[in-house]
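Positions are given from 1, in the same order as the sequence printed here.
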Amino acid sequence: MPPTFASDQAWQAAEAVLQPSFIRLIDNLRQVLEASDWQHQVDQQLLWPEGTSDQDKQRWEDLELQLYRASEEEAPALEQELAALPTPQPVYTLQLDQGDRHHQFDLWELCWQLCCPAWQPSGDYDGQVDPVLLTPDGECDWDRLEIKTRQFVEQLLAQVNAASAPETVSDR
């Protein structure tokens, strides 16, 4: 659940870093997981607004496919028709499996944790973005984002591995 924003400035900061953080998070997870023993996959589901009819869902999916294949001339009419329909929220879930161990993460929630250090899943947070991720002119600082994302992914996987490690009994 995304946080609410205390100001337009906080929202603009989030807009500047969220999409880049999602890209860097996915790439860093891929790199780390490919070198690990964890089986992994990302699943996408569409979360529809309450009350959306099956007909509207199907029409939206059909239009999205048509838009993907549309020419420049056809696209505006398809976009206009799409705008009149309920729009789903994509949910991306990372599934990790290793033997009988399973972990699941909402990738957008991980992005909120990465970008907004005091973020809480309850939504009781004002949406302030970590200022280290922004340049002085309010743009995404890609270098600092990369460093922070690598550290975040390493910590996440260390927690997963620690939670998944079999308990050992010491000889006394």
Side-chain angles (χ1 to χ4, degrees), residues 1-33 40 42-52 56-57 59-61 63-68 70 72-96 103-160:
M1 174 184 202
T4 56
F5 295 93
S7 67
D8 287 341
Q9 183 180 6
W11 170 244
Q12 290 169 352
E15 280 188 313
V17 298
L18 280 174
Q19 191 68 31
S21 72
F22 191 81
I23 293 166
R24 297 313 317 137
L25 180 67
I26 295 290
D27 189 50
N28 276 274
L29 282 166
R30 179 193 53 78
Q31 289 175 26
V32 169
L33 290 169
H40 59 282
V42 174
D43 298 321
Q44 178 190 10
Q45 295 179 333
L46 298 176
L47 183 61
W48 291 93
E50 191 173 325
T52 303
D56 282 347
K57 291 176 187 178
R59 183 65 186 144
W60 186 90
E61 290 174 5
L63 287 169
E64 277 288 312
L65 184 58
Q66 290 174 28
L67 184 59
Y68 178 74
E72 276 187 43
E73 296 79 28
E74 297 168 323
L78 294 169
E79 290 169 344
Q80 186 176 4
E81 192 173 349
L82 270 169
L85 291 171
T87 303
Q89 177 71 35
V91 177
Y92 300 95
T93 306
L94 172 65
Q95 307 285 338
L96 297 178
H103 297 275
Q104 179 175 308
F105 300 95
D106 178 314
L107 290 172
W108 278 113
E109 285 189 19
L110 292 178
C111 278
W112 287 113
Q113 292 173 27
L114 172 65
C115 295
C116 305
W119 178 86
Q120 296 295 316
S122 65
D124 297 335
Y125 175 65
D126 64 5
Q128 293 296 316
V129 169
D130 185 350
V132 76
L133 299 177
L134 297 167
T135 63
D137 60 350
E139 298 297 318
C140 178
D141 185 325
W142 284 88
D143 293 331
R144 289 188 176 179
L145 176 61
E146 180 64 25
I147 292 166
K148 186 171 183 184
T149 305
R150 283 185 187 169
Q151 292 170 345
F152 181 84
V153 167
E154 288 171 5
Q155 291 171 353
L156 178 68
L157 269 289
Q159 291 170 354
V160 166

Closest heavy-atom contact between [X] and [Y]?
{"X": "Trp48", "Y": "Pro86", "answer": "CZ3-O, 3.5 Å"}
{"X": "Ala10", "Y": "Gln128", "answer": "CB-NE2, 3.5 Å"}
{"X": "Tyr92", "Y": "Val42", "answer": "CB-CG1, 4.3 Å"}
{"X": "His40", "Y": "Leu94", "answer": "CB-CD1, 4.3 Å"}

Can you measure from [atom1] ([X]) to [atom2] ([Y]) and round to the nearest 0.5 angstrom?
{"X": "Asp143", "Y": "Thr135", "atom1": "CG", "atom2": "OG1", "result": "11.0 Å"}
{"X": "Leu133", "Y": "Arg24", "atom1": "CG", "atom2": "CZ", "result": "13.0 Å"}
{"X": "Glu64", "Y": "Thr87", "atom1": "CD", "atom2": "OG1", "result": "8.5 Å"}
{"X": "Asp130", "Y": "Ser21", "atom1": "CG", "atom2": "OG", "result": "11.0 Å"}
{"X": "Glu79", "Y": "Glu74", "atom1": "CD", "atom2": "CD", "result": "11.5 Å"}
{"X": "Glu109", "Y": "Leu107", "atom1": "CD", "atom2": "CG", "result": "10.0 Å"}

Heavy-atom check, side chain of [X] versus side chain of [Y], under 4.5 Å:
{"X": "Trp112", "Y": "Leu18", "value": "yes"}
{"X": "Leu46", "Y": "Pro90", "value": "yes"}
{"X": "Thr93", "Y": "Gln95", "value": "yes"}
{"X": "Leu85", "Y": "Arg59", "value": "yes"}
{"X": "Val132", "Y": "Asp141", "value": "no"}
{"X": "Leu145", "Y": "Cys140", "value": "yes"}
{"X": "Leu96", "Y": "Val160", "value": "yes"}
{"X": "Glu146", "Y": "Asn28", "value": "yes"}

Side chains of Asp27 and Gln31: donor-acceptor distance under 3.5 Å anywhere?
yes
Full working for side-chain contact (heavy atoms from CB on, under 4.5 Å) between Val91 and Asp43
CA-CA 8 Å; Val91 177; Asp43 298 321; over 6 Å; no
Kindly determine whether Val153 and Leu110 satisfy side-chain contact (heavy atoms from CB on, under 4.5 Å), including the steps that lead there.
CA-CA 9 Å; Val153 167; Leu110 292 178; over 6 Å; no
Anything under 30° is parallel, anything over 60° is perpendicular, the rest tilted; go ahead and classify Trp108 against Phe22.
parallel
Exceeds 12 heavy-atom contacts within 6.0 angstrom, atom CD of Gln80:
no
Tell me, with the steps shown, if Arg150 and Glu154 meet salt bridge (charged side-chain N to carboxylate O under 4.0 Å, His left out).
CA-CA 6 Å; Arg150 283 185 187 169; Glu154 288 171 5; over 6 Å; no
